[in-house]
Amino acid sequence: MDARAEIARLEGYLAWEAEVSAAERDARAFAGQFRWLSPAERDDLERAYAADRLRYAEDVVDRAVERCRQLAARYRSECRRICARWAAVCLSVTLAAALLAVVPAALRS
């Protein structure tokens, strides 16, 4: 694996760990509002809140990855189409130049 891929992988790991920390912090703050709950109930609420938020974050990441794949496929297709069109234009210009060079010589003979 090249260095750029490793860096991207490390960035992804760090971003996910930051999301986990934020989910746990927010879960503690949310559960802390319910003072009448026992400590065990608050712990359960924290775990459920954090798990739900991380499932949501995972879904968001999955949708973003899928969209990136769709766009990459679309851009590759567009690039192939543009390259094919450009190759056709270059070939046409080359053939036209060749004909312009050959026709006058053929007409003289």
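Quick note: numbers below take in every heavy atom, side chains included, and nothing from hydrogens, waters or symmetry partners.
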In short, Ala23 meets Ala50 closest at the heavy-atom pair O-CB, 4.2 Å
Sequence neighbours excluded, the answer for ring pair (Phe, Tyr, Trp, His ring centres under 6.0 Å) partners of Trp36 is Phe34
Heavy-atom closest pair (Ala31 atom, Glu46 atom, distance to 0.1 Å) is CB-CG, 3.5 Å
Rounded to the nearest 0.5 angstrom, the CZ-CG distance for Arg47 and Asp52 is 15.0 Å
So CD1 of Ile82 and CH2 of Trp86: to nearest 0.5 Å the spacing works out to 11.5 Å
To the nearest 0.5 Å, atom CD of Glu24 lies from atom CD of Glu19 at 10.5 Å
Closest heavy-atom pair, Leu37 versus Arg42, reported as atoms and distance to 0.1 Å, is O-NH1, 2.7 Å
The salt bridge (charged side-chain N to carboxylate O under 4.0 Å, His left out) partners of Arg81 (sequence neighbours excluded) come to Glu78
*Could you please spell out the steps behind the side chain to side chain contact (heavy atoms under 4.5 Å, CB included) verdict for Tyr13 and Arg9?*
CA-CA 6 Å; Tyr13 171 79; Arg9 203 173 121 119; over 6 Å; no
Output for pair (Leu95 CG, Cys90 SG), nearest 0.5 Å, gives 11.5 Å
Original post:
Should we count CZ of Arg35 as having more than 12 external heavy atoms under 6.0 Å?
Top reply: no
Rounding to 0.5 Å, atoms CG (Asp44) and OG (Ser38) come to a distance of 8.0 Å
inquiry  = With a 3.5 Å distance limit and no angle check, can you tell me whether Ser92 reaches the backbone of Ala88 through a side-chain donor-acceptor pair?
reply    = yes
Between the SG atom in Cys68 and the OH atom in Tyr75, the distance rounded to the nearest 0.5 Å is 10.0 Å
query = Between Leu45 and Glu41, is a side chain to side chain contact (heavy atoms under 4.5 Å, CB included) present by the stated rule, with each step listed?
reply = CA-CA 6 Å; Leu45 182 58; Glu41 290 171 323; over 6 Å; no
